[in-house]
Amino acid sequence: MADSKLLVPELTEAETIGPETARFEELLLQASKELQQAQTTRPESTQIQPQPGFCIKTNSSEGKVFINICHSPSIPPPADVTEDELLQMLEEDHAGFRIPMSLGEPHAELDAKGQGCTAYDVAVNSDFYRRMQNSDFLRELVVTIAREGLEDKYRLQLNPEWRILKNRPFLGSISQQNIRSQQRPRIQELGNLPTPGYRAAETGPEKPHLNLWLEAPDLLLAEIDLPKLDGAMGLSLELGENRLVMGGPQQLYHLDACIPLRINADESKAAFHRKRKQLMVAMPLLSVPS
């Protein structure tokens with residue numbers, strides 16, 4: 001594992017380890033400004049008109065439920081991983097992979113027999129939808145995530161058994177949806193990652209909160225919340241090809257996380273943001289062998 005450089009974005013207060021790399025200084029400064037702006041600016045929304053895809057039928061305690069799986073190019077795509085990589089992540093219980101989707105409001109409809117039912121519209125990225133059409137695995141995964149998302153959002157209990165309607169891409173009408181238009185530029189949230197093999201005792205180091213963003217196809221950014229620290233003094237950070245290990249001074253923090261992408265540890269850089277009390281890490285990605 002290779003040590004990364006700790007660099008404070010306020011350059012007059014720099015605490016550095018290793019050689020400086022101008023590109024990543026700029027990326028870290030830019031990412032810091034974008035993250036701060038995202039927290040202080042009220043997200044604006046824009047209307048989209050999802051396109052029909054396919055419709056599934058299930059039920060709840062209140063009756064029949066139909067879910068229209070739709071798509072729109074305005075929905076961001078998920079991380080570009082192969083099915084084998086995704087399957088391995090799921091088997092190893094990695095919760096970091098997320099499929100961005102827009103969950104629409106319930107609307108009352110009539111089924112083929114003229115009986116009342118409830119329909120929901122769920123939209124995913126159009127390119128990802130086309131990929132999903134050729135994969136039973138991805139289609140079933142999307143339906144599962146959509147069903148669980150609707151259950152969480154609307155406090156439902158849906159039957160896990162479902163079937164796709166034949167020759168009927170949607171039920172009722174597909175309404176426009178509002179999505180956030182002022183998201184972090186070109187940044188896709190991957191979510192929180194597990195910490196395999198490390199379990200802190202009640203009196204031991206605290207496991208900090210970790211978030212990852214894919215800033216570009218070849219660059220991964222991370223932020224680690226360290227509210228107990230005022231600077232980078234005493235922090236240790238090690239990066240492997242698919243692993244991030246961080247230790248805090250006086251054993252305040254410890255993080256050992258698997259990263260679902262191949263990291264170029266030698267070219268990675270890190271910065272501690274004093275005001276936000278966060279460690280930000282820029283990790284270029286290794287190209288996938290052809």
Side-chain angles (χ1 to χ4, degrees), residues 38-39 42-79 86 89-90 93-129 131-133 135-166 168-184 188-193 209 211:
Q39 287 188 341
R42 182 185 179 95
E44 296 180 357
S45 64
T46 185
Q47 280 195 334
I48 64 169
Q49 179 60 62
Q51 299 302 307
F54 62 90
C55 180
I56 70 165
K57 177 183 178 181
T58 183
N59 60 75
S60 69
S61 59
E62 298 180 357
K64 296 178 184 178
V65 174
F66 294 85
I67 303 176
N68 297 318
I69 303 297
C70 316
H71 61 92
S72 169
S74 300
I75 305 292
L86 178 55
M89 292 165 61
L90 295 174
D93 198 27
H94 284 260
F97 184 83
R98 294 183 181 180
I99 300 177
M101 56 179 62
S102 177
L103 306 176
E105 299 287 334
H107 47 99
E109 301 291 349
L110 297 177
D111 64 11
K113 297 180 180 180
Q115 298 177 342
C117 61
T118 303
Y120 297 87
D121 305 328
V122 176
V124 298
N125 174 264
S126 293
D127 290 337
F128 179 71
Y129 176 81
R131 178 184 171 191
M132 180 179 64
Q133 284 184 299
S135 170
D136 293 339
F137 167 65
L138 289 179
R139 185 164 51 246
E140 187 165 338
L141 179 63
V142 166
V143 170
T144 299
I145 295 176
R147 181 176 55 80
E148 292 177 350
L150 291 172
E151 287 182 328
D152 290 340
K153 184 174 182 179
Y154 297 111
R155 300 185 181 277
L156 304 172
Q157 186 63 48
L158 297 175
N159 190 332
E161 296 184 0
W162 51 271
R163 67 178 180 87
I164 296 179
L165 299 186
K166 294 182 179 180
R168 190 162 189 176
F170 64 95
L171 182 80
S173 60
I174 299 176
S175 302
Q176 290 185 335
Q177 295 186 19
N178 291 321
I179 63 171
R180 287 180 297 175
S181 58
Q182 205 167 23
Q183 299 178 356
R184 293 177 176 127
Q188 178 188 343
E189 184 175 357
L190 297 183
N192 303 324
L193 298 178
H209 180 77
N211 273 321

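Every heavy atom of this structure was used, including side-chain atoms; hydrogens, water molecules and symmetry mates were not. Each residue takes its place number in the sequence, starting with 1.
Listed by chain and residue number, nothing satisfies the side-chain hydrogen bond (donor to acceptor under 3.5 Å, both in side chains) test with Asp152 (two or more places apart in sequence, or in another chain). Listed by chain and residue number, Lys57, Leu165 satisfy the side-chain contact (heavy atoms from CB on, under 4.5 Å) test with Arg163 (two or more places apart in sequence, or in another chain). Shown here are the side-chain hydrogen bond (donor to acceptor under 3.5 Å, both in side chains) partners of Arg139, two or more places apart in sequence or in another chain: Asp136. Qualifying side-chain hydrogen bond (donor to acceptor under 3.5 Å, both in side chains) partners for Thr144, counting only residues two or more places apart in sequence or in other chains: none. Looking at residues two or more places apart in sequence or on another chain, you find a side-chain contact (heavy atoms from CB on, under 4.5 Å) between Asn159 and Thr58, Asn59, Glu161. When the side-chain contact (heavy atoms from CB on, under 4.5 Å) test is applied to Gln157, the partners found at least two apart in sequence or on another chain are Glu151. Under the rule for a ring pair (Phe, Tyr, Trp, His ring centres under 6.0 Å), the partners of Tyr154 that lie at least two apart in sequence or sit in another chain are Tyr120. For Pro52, the side-chain contact (heavy atoms from CB on, under 4.5 Å) partners two or more places apart in sequence, or in a different chain, are Pro169, Phe170, Ile174.
Distance check, rounded to the nearest 0.5 Å: CD of Gln133 to CG of Leu138 gives 11.5 Å. Atoms CD and OG, on Glu105 and Ser175 in that order, are 9.5 Å from each other to the nearest 0.5 Å.
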Please tabulate, for the side chains in residues 65-78, all donor-acceptor contacts under 3.5 angstrom to protein atoms that are two or more places apart in sequence or on a different chain.
residue : atom : partner : partner atom : Å
Asn68   : OD1  : Leu171  : N            : 2.8
Asn68   : ND2  : Asp121  : OD1          : 2.8
Asn68   : ND2  : Leu171  : O            : 3.1
His71   : ND1  : Ser126  : OG           : 2.9
Ser72   : OG   : Ser74   : N            : 3.1

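Residue pairs meeting the salt bridge (charged side-chain N to carboxylate O under 4.0 Å, His left out) criterion with at least one member in residues 59-76, sequence neighbours excluded, are Lys64-Asp111.
Without hydrogens or angle criteria, Gln51 side chain to Gln49 main chain gives a donor-acceptor distance under 3.5 Å.
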Problem set entry | Worked verdict on Leu156 versus Ser60 for side chain to side chain contact (heavy atoms under 4.5 Å, CB included) | CA-CA 7 Å; Leu156 304 172; Ser60 69; 5.6 Å; no
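When every heavy atom of Ile179 is checked against every heavy atom of Ser102, the shortest pair comes out as CG2-OG, 3.8 Å. Closest approach of Gln47 to Asn178, counting heavy atoms only: CG-OD1, 2.9 Å. Of all heavy-atom pairs between Gln176 and Pro50, the closest is CA-CD, 4.4 Å. Nearest heavy atom pair, residue Met101 against residue Ala146, reads SD-CA, 3.8 Å.
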